[in-house]
Structures are given as structure tokens and as C-alpha cells.
Amino acid sequence: MAQVSIRVNGRVRKGDVEPRLLLAHFLREHLNLTGTHVGCDTSQCGACTVLIDGRSAKSCTIFAVQADGCDVTTIEGLARDGQLHPLQEGFWEEHGLQCGYCTPGMIMSAVDLLNDNPTPSERDIREGIAGNFCRCTGYQHIVNAIQYAANKAARK
Amino acid sequence: MIPTAFEYVRATSLDDALAKLAASKGEGKFIAGGHSIVPLMKLRLSQPKVLIDIARIPGLSGIREKDGRIEIGAATVHHDVATSALLRKQCPVLCDTAAAIGDPQVRNRGTLGGSLAHGDPSADYPASMLALDAGIHMNGPKGWRVVKASEFFQGLFTVDLAHDEIITGVQFTPVRAAAYAKLHQRASHYAIVGVAAALDASDGRIRSARIGLTGAGPCAIRLRKVEEALAGKTASTDSITAAARHAAADVQTVNSDLHASEEYRRAMVPVFTRRALEAALTRLQRG
Amino acid sequence: MVTPVLPKLVGQRVKRREDPRLIQGRGTYVDDIKIAGMQHLAFKRSDVAHGRIRAIDTRAAEAMEGVEAVFTGAQIAELLAPMPIGTSFPSPPHRALAVDVVRYGGEPVAVVVARDRYVARDAADAIAIDYEILPAVVDPELAMTGKPAILHPEFENNVALPPLPNGTGVSRDGKTVDDSAIDKAFAEAEVVISQRMVNHRVVPNTMEPRGVVAHYEPGKESMTIWSSTQAPHILKTMIAAMTGLGQHQVRAIAPEVGGGFGAKINIYGEDYVAAAISKRLGIPVKWVEDRSEAFVATTHGRDLIAYVDLAAKRDGRVLGLKMRLIADVGAYNMLLTAAIPTLTMMMASATYDIPAIRATLTEVFTNKTPTDAYRGAGRPEATYFVERAMDMLARELKMDPADVRRKNFIRPDKFPFTTQTGAVYDSGNYEAALDRALEAANWKQLKGARDAARAEGRLVGLGLSMYVEVCGFGPSSGMATGGWEHAQVTVERDGRITAVTGVSPHGQGNETTFAQMLADQFGVPLEHITIHHGDTAVVKQGIGTFGSRSQAVGGTALHLAGARVKAKMARFAAELLEAHEEDLVFESGTIFVRGAPAAAKTFAEVAAYAYVPVPLPEGLEPGLSEEAFFEPSNMTYPFGCHIAMLEIDRETGEPRLLKFVAVDDAGNLINPLIVEGQIHGGLAQGIGQALIEETVYDQSGQLLTGSFLDYALPRATDFPRFELHNTVTPTPLNPFGAKGIGEAGTLGSTPAVVCAAVDALSELGVKHIDMMLRPEKLWRIIGTPPAPAHGGRA
């Protein structure tokens with residue numbers, strides 16, 4: 001077993017874990033942060049995407065021990081003081097989700113995308129979420145949702 | 001899927017990493033970003049007994065310019081290469097290459113050293129390393145070693161890296177007139193064929209060219225026949241087109257899978273050679 | 001004071017009420033459920049396609065710390081009978097775990113019960129199985145000759161369903177067949193198009209894999225089962241039957257479900273095994289599928305070969321259609337496996353008034369994962385075959401593909417229209433949809449752009465496809481489960497409304513659309529309404545969500561239940577207002593006598609009165625809760641026209657979709673925003689099949705596309721922005737005139753894309769290309785075009 005101490009959504013969380021425990025399972029099983037989903041086993045689908053030190057990462061391809069000492073943000077940590085994050089708002093306004101399973105990972109990827117590029121073109125958005133699969137929406141409303149958040153930030 | 005159990009240790013320095021590797025008695029593997037090894041471990045195709053985390057060794061990541069050469073640390077993630085202002089200005093082919101790898105999340109975690117050590121036949125970086133004539137720097141019990149990219153890639157998942165050595169980084173002279181062109185495998189986004197081309201030209205004449213090919217065979221290779229055909233020629237679309245026709249001549253063993261047969265892959269080599277050369281030529285002409 | 005009138009919500013782009021929980025990671029999917037003492041299951045699966053089990057060694061697994069139990073197929077067979085199917089077609093025995101022979105790679109053979117999923121996986125991997133390898137049956141047409149092996153001894157030549165005829169001259173029972181009309185059509189034909197086509201196998205790939213939690217409580221003698229399912233009531237019925245419990249002892253719950261697309265209608269072996277083990281051990285157990293498992297263990301879709309012959313006059317008029325279908329159903333019949341391809345036969349007439357049709361269907365067992373419903377389920381295949389044939393006819397006659405279709409449409413005045421294969425189309429105006437699409441796409445200009453691109457040497461093509469879809473599955477005569485739907489509407493004591501529905505949404509947004517309907521029906525705010533679904537302890541009866549039936553059948557049941565409550569509430573209100581109930585208006589949270597809103601009673605006042613009814617109006621019972629079962633008289637038939645523009649890279653063969661225009665007519669729409677989302681999703685799957693998704697087995701029956709590394713799931717970068725338009729032709733079959741839209745996007749999109757690819761390569765003499773449009777395949781065609789005399793190319 002190994003000791004880990006990971007700052008998750010602003011709070012330091014410690015745990016004794018098997019080294020082989022995936023970060024996704026640490027979040028889900030140990031911390032009950034079940035908003036992070038697992039959708040594949042080959043690091044493709046992106047449902048498990050979280051931010052590690054501010055950058056999007058597939059938490060199914062990282063052992064919890066590797067994230068020791070890191071700052072992790074999950075979908076549960078995005079809304080602040082009861083206020084939805086502009087991307088959450090965008091996904092709601094633009095019908096950017098159906099079954100909702102890919103949604104947390106999709107939103108976390110979009111956070112990284114907009115951090116890098118606050119005024120993305122449609123092409124930029126589509127490339128920015130190329131590491132996230134959605135089987136329900138055909139992506140169009142997701143693109144709209146991310147544009148909504150970008151536009152909202154631009155208006156401010 | 002779930003990996004088999006292993007012991008995990010974090011290395012604090014290069015020496016520490018090598019010591020821990022030696023202590024694992026051949027059962028250890030380095031992990032940095034983990035984006036080559038973790039997927040294999042999850043499918044239980046790789047079952048190391050010890051994982052030695054080298055991601056936080058000071059100085060192992062970063063992109064630096066030194067005496068007209070550029071040095072990239074082994075633990076540098078693809079995203080940092082893709083978005084490096086220094087590289088964008090001096091050696092954009094590496095930005096192209098890194099940006100063509102996987103997807104954003106993979107690029108945020110995957111590292112240059114990990115990709116090189118893994119020796120995947122359809123990885124992107126090897127083509128650019130060849131085109132840049134990069135030196136792969138490594139350290140081990142016998143000390144430091146530099147291997148030229150053209151000698152580093154030896155075969156299918158086989159590179160010139162001893163089991164007790166660690167890649168520390170790469171070094172190369174930047175080439176502005178260089179570009180990467182890739183045929184994506186549509187599921188994995190790996191390269192079916194990837195070609196990096198670098199031109200050294202002056203006064204509208206190509207002095208020399210270096211071309212690296214990945215994806216087509218068991219490991220990345222230089223396309224010497226094309227390089228020879230270009231040497232001394234006018235830097236023009238015509239000479240590029242003519243030279244690219246030689247591209248398949250250097251390719252001996254060609255991979256074949258459900259995404260691309262041997263025949264198709266072989267046919268794509270000249271196509272992407274020409275496309276890479278065209279893009280390099282455009283950069284040459286734009287200065 | 002004037003109370004503001006609440007706007008009508010039906011027809012509005014209301015944002016979804018499901019979303020706040022889902023965008024914050026607060027949805028509860030099966031894998032999010034934890035119960036104290038819960039153990040985890042892991043399955044040992046066959047790694048051979050066809051083999052006889054010689055020996056299973058579970059000792060190493062059993063010895064592992066943290067392993068509770070290991071069960072082999074033989075041990076599970078003592079707990080579970082062979083699995084039932086949902087059709088009356090003949091079916092071989094199918095055990096939840098294989099007992100002696102494995103018939104597809106990934107078939108479960110043994111199961112481990114362990115402390116956590118890591119230990120369970122370790123233990124499953126430690127089970128050693130010795131197989132005698134049998135020849136793998138991979139090619140369905142070879143399989144029909146009994147080669148290279150027989151899967152099920154009781155099915156001669158691997159034929160699951162001997163040629164079943166349908167169409168002109170076939171008696172209702174299929175026993176007598178008169179070919180004179182179809183023969184005459186072909187005898188009179190001036191042109192005949194003949195083509196073998198393949199509608200290949202695809203993997204549904206819901207983003208949430210399957211999962212189940214089974215919790216048998218011995219003290220209560222009752223079972224609660226959570227499953228990622230589209231049909232919790234079917235699950236409850238089947239689990240009860242298979243575990244020997246009464247239906248009153250089983251509660252099935254579909255929690256948040258991460259996509260279904262037909263693949264989660266089934267009750268799978270893993271569901272039964274989880275239930276049986278929980279009951280046997282008296283502990284809760286969980287199983288969640290890995291993606292690698294999902295590729296082999298969850299049903300696949302499509303996989304039909306068609307030999308199509310189309311007889312026509314030179315003016316483009318179609319005289320007759322023959323369609324000989326061969327369905328590769330994989331190794332076993334699952335719930336609806338055998339029935340799905342019959343829908344392809346049923347829809348052979350497409351949008352056309354074809355005077356003579358002969359369809360025949362043969363179903364064949366092979367050593368592959370079983371097929372079953374996948375979004376569209378049988379109808380996309382029919383659309384593909386007919387539309388490709390119509391396109392070939394247009395090319396043969398040098399007609400515009402729109403014109404040849406226009407010439408053969410069923411005219412609007414002919415509805416309801418009974419096709420030669422027995423489908424009764426409720427309503428339609430196909431020409432309007434075609435015209436709308438041609439106008440929206442600017443067809444003439446698009447053709448000009450294509451021709452200009454070709455003049456530059458580019459390979460650009462246009463494809464057009466009509467479609468007609470079958471939605472609103474029911475009535476009960478055609479469904480073993482019953483074809484009705486159930487709903488209950490309760491006005492609570494405070495005037496808020498709780499409604500339950502027997503449909504089980506998993507992305508369709510019925511918590512929103514159904515609330516929109518009730519809000520209008522009762523004149524109350526949307527926020528005052530809650531829709532419950534998916535829990536059989538809350539929803540007394542139901543069938544589920546599939547066959548695009550939620551709105552047409554489930555929505556109608558809800559409306560009927562609402563009408564009953566409203567009628568009763570009006571009686572209470574009439575008592576309070578001293579008026580006749582027929583004079584009452586329900587509006588903006590109040591009830592008043594028409595013309596006298598000032599004297600209104602609030603909705604809550606009337607509700608409170610109904611629960612403490614002093615005095616109790618004569619002939620009334622207290623309370624405001626009513627239910628309804630709606631049995632539809634028939635299915636609904638939405639339709640549309642899709643247009644695709646595509647370019648093929650001459651050097652690499654890579655196809656790229658440049659433009660996609662969709663016109664869909666689903667009748668009246670409850671929520672256009674949600675409808676658009678449904679269409680987008682359908683388009684992505686339909687285009688995905690044409691462009692990048694394909695399931696490939698090798699000759700030994702190994703699945704070569706067993707992960708996302710080799711099976712391309714469409715990404716955002718694979719599509720252009722879809723351009724959506726609609727026409728509105730309501731159905732007369734339900735009060736909303738709404739037809740259904742869940743699957744329609746998959747119908748027209750696939751042929752539109754393939755037609756565009758054929759068009760792009762038409763200068764090379766190409767007449768047909770089988771999907772999917774793998775770059776290498778296109779590159780080969782470009783490199784070696786077909787000889788002119790040969791015609792079509794398979």
C-alpha cells in the first residue's frame with residue numbers, strides 16, 4: 001500500500017492505496033466523487049477526464065500514486081458557491097448532453113480548451129474535444145455549448 | 001480493465017532513478033506520463049513488478065536553447081512541445097508532430113522520452129527525430145551516451161536503449177524549413193504513415209534534406225533515396241514531386257493491418273513524403 | 001389584479017430538467033451504487049470463437065484472498081434455466097454461462113465473486129480453461145451450406161430462420177406464395193437494377209457500458225436489481241421468472257442510464273447471473289462491464305446482406321422490387337434478435353408506391369456476438385438497400401436522383417397507405433420533404449459546385465436519400481411484452497403534480513417533454529411537476545423505451561391519465577365554484593369559470609379540498625390520482641430526406657463529409673430543441689456507419705475491432721455542422737400528432753453518404769460501393785476503376 005495526499009477540488013484528501021489503483025477509481029471509490037466516469041479501457045473515450053494541476057487528463061490512465069501532491073479538479077468542483085460554471089451553464093442552455101455519461105469529462109476537457117484558447121473557432125472546439133467521445137449528441141450541441149461559454153466570458 | 005499489482009517508487013534524481021532501476025533486477029519500468037505503459041498494463045500486456053516514477057526529476061523536462069542547439073527534456077509533455085513559442089519560431093516541425101499525437105488529454109500527459117523509449121512503429125515523434133538528426137541522450141551505469149536518431153530506432157518496439165538506461169532528452173539543431181505530414185488511423189489516431197521532412201537550402205537550392213518516415217515499417221527510418229534525389233536540386237515543387245517518387249525505394253518491410261494493407265501503406269509513403277516536403281518548402285519560401 | 005397567463009410549453013425549446021444533476025456529476029448510474037457488504041463479479045470469457053470446453057480449473061482463483069466464490073457454467077446451470085427470448089421464432093438453448101460449447105469470443109464461461117473489482121479481475125484471469133478448438137463459422141453465406149461447422153445441432157446448415165417470404169402474393173401466414181405479380185413486373189421491366197449489398201455489423205457502444213447490481217434480501221424474500229437498462233419492467237418480469245420469484249418479489253430499477261441505442265433492451269446473461277448469485281449467497285453483488293467486454297458481450301447491430309433487384313420503366317417508374325435478405329445473427333437469439341430483420345422486409349416499400357414486392361429473409365447463426373436492436377433496428381437496413389437501388393436506377397437512366405424518387409412516391413392522398421409488405425403508413429407527404437431538402441441544400445447550386453470541383457480534378461459527390469421510419473412500437477398484437485404504455489398522474493395535496501411513466505428514458509429528455517405536456521394540460525408551471533420513471537416499485541407497470549415509442553405511446557398514456565385527473569379535479573372545482581365542470585378553465589395555476597377569472601380558486605385550494613373533501617361531492621371518491629394504459633391502434637411513420645456532399649482525397653482515398661442537410665418530419669414536436677438533439681445523434685450514428693465504423697472478424701472468428709483503438713467511434717472532428725430543417729405532417733393516431741424521432745436520424749444518413757461517395761467516383765464507372773468507406777477501399781477503386789462492361793462493384 002502507498003500513502004497519497006491529493007488536493008481534490010480544493011481539499012486535501014489522504015488515502016492508503018494499492019499502487020495499481022487508478023486515479024479514476026480513487027476518486028470514485030475512495031472519495032465518492034462518482035461524477036468522473038469510466039467509459040473505456042484504452043485511454044480513448046475521455047469520460048474520466050479531470051484537471052490535474054489545471055490541465056485535462058484521463059484519470060483512467062493515471063495511477064493515484066502518480067497524482068500524489070497534485071491539485072485535481074473534478075466535475076464536482078466546478079460550480080462555485082452554488083453558481084454553475086459557464087460551461088455547465090452552456091451545456092444546459094444549448095442541450096449539450098443527453099444521457100449525461102460523457103458530460104463531466106467533456107466539460108472538463110472544455111475547461112482546459114477555453115483556458116488555452118478563450119475565443120476558439122468551431123474547428124478549434126472540435127479539435128479540443130477530440131479526446132472525448134459522445135454517442136448521443138453528434139457533438140453539435142456540445143460545440144454550441146462551448147461557444148456559449150466562450151461568448152459569455154468574452155462579454156464580461 | 002485493471003493492471004496486475006506492482007510496487008511503486010518515485011525517483012528524486014537521475015542517479016536515484018538508475019539506482020532504483022538496478023535494484024528492481026530487471027523487473028522495473030520507468031513511468032513518466034504513463035501514456036504508453038499504462039494502457040498496456042491495463043490490458044495486462046505489460047506486467048512490470050516495479051514502476052519507477054521519473055516525472056518529477058528536476059531538470060528532466062523543459063525546452064531550452066543552448067549554443068544554437070535545442071534540447072528537450074525526456075519528461076516534457078507533448079502539449080508543451082506543440083505550444084512552445086521557441087519551437088514554433090525555430091523548429092515548427094516539432095510543434096506539428098506533437099500536435100498530431102493522440103488527443104489533447106494524451107498530449108497533456110504523454111512525454112517525449114516515453115514515446116521514444118516505447119518504440120511504437122506508428123508513433124509520430126520518431127519521424128521528426130530522424131528529420132532533425134536529433135541526438136538521443138541517455139544515462140546508465142556506464143555513464144552518458146548519445147545515439148543518433150538514425151541509429152536509435154532498430155526494430156519493432158526495439159530501440160538502442162539498454163534495460164538499465166534512461167533517456168534524459170534529445171538535442172538537435174533547429175530547422176525552420178521542416179514539416180510533418182501524417183495519415184491518421186481513424187480509430188486510434190496513430191500514424192498509418194507519417195513523414196517529417198527537413199530542408200537545408202540557400203539561394204533557392206537544396207543543399208541537403210533529411211526525411212524521416214514512421215508508421216510504414218517495424219520502425220522509423222530515413223528515406224535516403226529521396227534525400228539524395230533532392231540534394232543540389234532547385235527548391236521547387238517540381239523537384240520535390242520528382243524526388244518523392246523515390247520514397248518507397250527505401251522501405252523494405254511494410255506493416256499490414258486491417259486499417260492499411262502493405263500495398264496501401266507503401267503507396268502512401270510517396271504521397272505523404274511529397275506533402276511533408278511541400279509544407280517544408282512553403283516554410284522555406286516564407287523564411 | 002390580472003394573473004399573468006403561463007405560456008404554452010408544448011412546441012417550445014424548453015431546456016432540460018434532467019441537466020442540472022448531470023452537468024454537476026450528481027447523476028447516479030449503476031456503477032455509482034454502493035451497498036454495504038457488496039461483492040463484485042468478474043466474468044471469465046471465452047477467448048476462442050468456437051470450442052468445446054474440455055476442462056475448467058478454478059482452484060487458483062478460489063484460493064485468492066478476497067475471493068468469495070467461483071461459479072462455472074455447469075454450476076450456474078443448476079441455478080438458471082436457459083435464457084428466454086422475446087419472440088416466437090425457434091431458438092437454440094442459450095445458457096447464461098456456457099456449459100460445454102462456446103460459440104463466440106467473449107461468451108461468459110465462469111464468474112468470480114470477490115471483495116472488489118481488482119481482486120475479481122485477478123481471480124477471473126487465474127481461471128484456466130482448456131478448449132478443443134472447433135472450426136469457426138464466420139461467413140454467413142458459407143454457413144448456410146453447413147460449412148465449416150454447425151453451431152447448434154438442431155439447426156440444420158446453421159439456418160436460424162428458413163427463408164421467410166413477405167410481399168405481394170404472400171398469404172398472411174406466409175404459407176402460400178403467388179409469384180405471378182412480381183414475375184409480371186420483371187417481365188414488363190425495361191430496366192433492371194441488380195446488386196448485392198451489405199449493411200455491415202456495427203457495435204452500439206453506449207458510452208456507459210452495461211452494469212448490474214443485484215440485492216436479494218433473504219429476510220424479506222425480495223430482490224432489488226439495478227441495471228443499466230432501457231426496459232426495467234421487462235427486466236423485472238424476466239428476473240422473476242428466471243430466479244423462481246414472483247413478480248411481486250422483484251423490484252427493478254433503471255437508474256441514470258448512459259445511453260442504450262437498443263443494446264440495453266436485452267436482459268443479458270450477466271443480469272441473470274448477478275441475480276442468481278445474490279439469491280444463492282444472500283449478498284448484494286455488482287458487475288460493471290469493461291469496454292473490452294462490451295465490444296464482445298453486448299449485442300451488435302445490423303449485419304444484413306441483400307440481393308436487390310429493381311424493375312422499372314425507362315421513365316423511372318418502378319414496377320417491382322425483389323429483396324433477398326441474409327441476416328448474420330451471430331451465435332444465439334437474444335430477446336429480439338430474430339425479429340429485427342423482419343422489420344427490414346416490412347419496410348421494403350420505403351417511401352414508394354411499388355406495385356409488386358417480394359422480400360425473403362434467411363437468418364443464419366455464426367460464431368459471432370449475437371445481434372439485436374441497434375438504433376433504427378431493421379429500418380435503416382431497408383432504407384439503405386432501397387435507396388441505394390433507387391440511386392443506381394437514377395444513374396442508369398441518367399435521371400436526377402431526386403426526380404426518380406419523386407416519380408415513385410406514395411401520393412399524399414393515398415394515406416393511410418398499405419404497402420405490399422403489409423405496413424400501414426399513417427400519414428405522409430414525401431414530396432414536400434424532398435422539396436424542402438432540395439431548397440434548403442440549394443440542390444441546383446450544389447450540383448454546380450460539385451461539377452466545378454470535378455472540373456478541377458477533385459472527387460466530389462452528392463448523395464440524396466429519402467426515408468420512412470416506423471415509430472411508436474405497439475400495438476400488443478406485434479409485441480410479446482405487450483405494446484401499450486402506462487402512466488399515472490397524481491395532483492398532490494399542495495397542487496403539485498407527480499407523474500409516473502412506464503417508458504424509461506436514458507437521454508431522451510422525457511422528464512422535460514412530459515412535464516411540458518402536463519404543464520399545458522393543467523395550466524401550471526413546469527416547476528410544479530415531477531416525472532418519475534425507471535423504478536418498478538414507483539411505476540406500477542410499463543414496457544420501456546425503444547422503437548421510438550416514448551412520445552407516441554408513453555406520452556399518450558400520460559395525457560390520458562392527466563385527462564382523467566383533470567376531469568375529476570374539475571368536479572371538485574365545480575363544487576367549490578358552484579359551477580358546471582364543463583364551464584371551467586385551468587390556467588396559470590388557477591381554476592375559474594370561463595369569463596370570471598376574478599373568482600378563481602387556486603390549483604392548490606382545489607387540490608387540498610379533494611383530499612379533505614368536506615363535503616364530498618356526490619359520486620366522487622376523495623383524492624386526485626388516476627392512471628391509464630394506452631394501447632396504440634398502430635405505429636407511426638415519420639419520414640424525411642437527407643442530402644450529403646462528400647469529397648474523396650484522390651491520393652489517399654480518405655472521404656470527408658463537406659455538407660449535410662437533413663429534413664425530418666416527425667409530425668408535431670413537443671420540444672424542438674430535444675428533437676434536434678435526437679436527430680443529431682442519429683445522424684452521427686448513421687454517418688458513422690457509412691464512414692468509419694465497422695466490425696471486423698478474422699477467419700478464426702476473432703474480433704479485430706475489439707477496442708476504440710481499432711473500432712473508430714466518431715469524434716467531433718469527423719463531422720461538419722449538420723443543417724436541420726423540417727416539415728410537419730401530424731399523425732392521426734395520437735392526440736399530439738407526434739410521431740417519434742429517436743431513431744430516424746440513422747435511416748437516411750447512411751445511404752445519403754454512400755450515394756455521395758458513389759457519385760464522387762461515378763466518373764470512374766463506379767455504380768456501387770459497400771460500406772464502410774475505408775480509405776484504402778476507395779483508394780483501390782480510384783487506382784483501378786471497374787471495367788465499363790462490368791457495372792456495379794461490390
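None of the values given here were measured: they were computed from a predicted structure. Chain letters run A, B, ... following the sequence lines, proteins first and then strands; every chain starts at 1.
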Quick one: are C:Arg17 and C:Thr513 in side-chain contact, heavy atoms under 4.5 Å?
no
Taking the side chain as every heavy atom from C-beta outward, state whether A:Phe91 and C:Leu22 have any atom pair closer than 4.5 Å.
no
For C:Arg115, look at atom CZ and say whether over 12 heavy atoms of other residues, nucleotides or ligands are found less than 6.0 Å away.
yes
Winner by heavy-atom pair count (cut-off under 4.5 Å) against chain A, out of C:Arg117, C:Gln508, C:Arg13
C:Arg117
Could you have a look at A:Met106, A:Arg20, A:Glu29 and say which one has the most heavy-atom pairs with chain C under 4.5 angstrom?
A:Arg20
Side chain, backbone, both or neither: which part of C:Asp116 has an atom under 4.5 Å from a heavy atom of chain A?
neither
Non-hydrogen atoms of chain C under 4.5 Å away: do they reach the side chain of A:Leu87, the backbone, both or neither?
neither
Do you know which of C:Gly681, C:Gly745, C:Gly688 has the most heavy-atom pairs with chain A at a distance under 4.5 angstrom?
C:Gly681
C:Pro505, C:Gly509, C:Gly259, C:Gly677: which one forms the most heavy-atom pairs within less than 4.5 Å of chain A?
C:Gly677
Closest-packed option against chain C by number of heavy-atom pairs under 4.5 Å, given A:Gly100, A:Gly39, A:Gly77, A:Gly128
A:Gly39
Considering all heavy atoms, the nearest C:Phe708-A:Gln44 contact
O-OE1, 3.3 Å
Salt bridge C:Lys15-C:Asp19, side-chain N to carboxylate O under 4.0 Å
no
Min side-chain heavy-atom separation A:Gln88-A:Ile75 under 4.5 Å:
yes
Please classify the contact between C:Leu673 and chain A as side chain, backbone, both or neither, with a heavy-atom cut-off of under 4.5 Å.
both
Neighbours of chain C found in residues 3-19 of chain A - heavy atoms under 4.5 Å:
A:Glu18
Option in A:Leu78, A:Ile129, A:Asn144 with maximal non-hydrogen atom pairs under 4.5 Å from chain C:
A:Asn144
Examine the side chains of C:Ser228 and C:Lys264 and answer whether a donor and an acceptor come within less than 3.5 Å of each other.
yes
Using the salt bridge (charged side-chain N to carboxylate O under 4.0 Å, His left out) criterion, which residues pair with A:Asp53? Sequence neighbours excluded.
none
Do C:Leu683 and C:His642 have side-chain heavy atoms sitting under 4.5 Å apart?
yes
Any pair with a residue in residues 131-154 of chain A that passes salt bridge (Lys or Arg N to Asp or Glu O under 4.0 Å), sequence neighbours left out, goes on the list, sorted by first then second residue, please.
A:Glu89-A:Lys152, A:Arg135-C:Glu693
Given a strict heavy-atom distance threshold of 4.5 Å, which part of A:Ala79 is in contact with chain C: side chain, backbone, both, or neither?
side chain
With a 4.5 Å heavy-atom cut-off, do C:Glu676 and C:Ile679 have their side chains touching?
no
Heavy-atom pair count under 4.5 Å with chain A, highest-scoring of C:Ser707, C:Pro204, C:Gly27
C:Pro204
Would you mind telling me which of C:Tyr29, C:Phe722, C:Phe719, C:Phe295 has the largest number of heavy-atom pairs within less than 4.5 Å of chain A?
C:Tyr29
Can you say whether A:Glu76 sits under 4.5 Å from chain C via the side chain, the backbone, both, or neither, judging by heavy atoms?
both
Less than 4.0 Å between a side-chain N and a carboxylate O, is that true for C:Asp718 and C:Arg715?
no
With heavy-atom distances below 4.5 Å as the criterion, would you say the side chains of A:Phe133 and A:Tyr139 are in contact?
yes
Under a 4.5 Å cut-off applied to non-hydrogen side-chain atoms, are A:Ser56 and A:Leu51 in contact?
yes
So which residue, A:Ile107, A:Thr103, A:Leu97, A:Thr42, ends up with the most heavy-atom pairs under 4.5 Å with chain C?
A:Leu97
When only pairs under 4.5 Å are counted, which of C:Ala684, C:Gly507, C:Ala716 shares the most heavy-atom pairs with chain A?
C:Ala716
Go through A:Leu33, A:Leu84, A:Thr36 and name the one with the most non-hydrogen pairs under 4.5 angstrom from chain C.
A:Leu84
Using only non-hydrogen atoms and a strict under-4.5 angstrom cutoff, which residues of residues 117-127 of chain A touch chain C?
A:Glu122, A:Arg123, A:Arg126, A:Glu127
Are C:Tyr118 and A:His25 close enough, and set up right, to give a ring-ring contact (aromatic ring centres under 6.0 Å, His included), and what steps lead you there?
CA-CA 10 Å; C:Tyr118 284 56; A:His25 289 149; 5.5 Å; yes
Quick one: pull up OG in C:Ser504 and CD in C:Gln230 and give me the separation to the nearest 0.5 Å.
8.5 Å
Side-chain donor-acceptor pair present, A:Gln98, C:His506, cut-off under 3.5 Å:
no
Modelled atom types, side-chain donor and acceptor of C:Thr298 and C:Arg210, under 3.5 Å:
yes
Does any heavy atom of chain A fall under 4.5 Å from the side chain of C:Arg26, the backbone, both, or neither of them?
neither
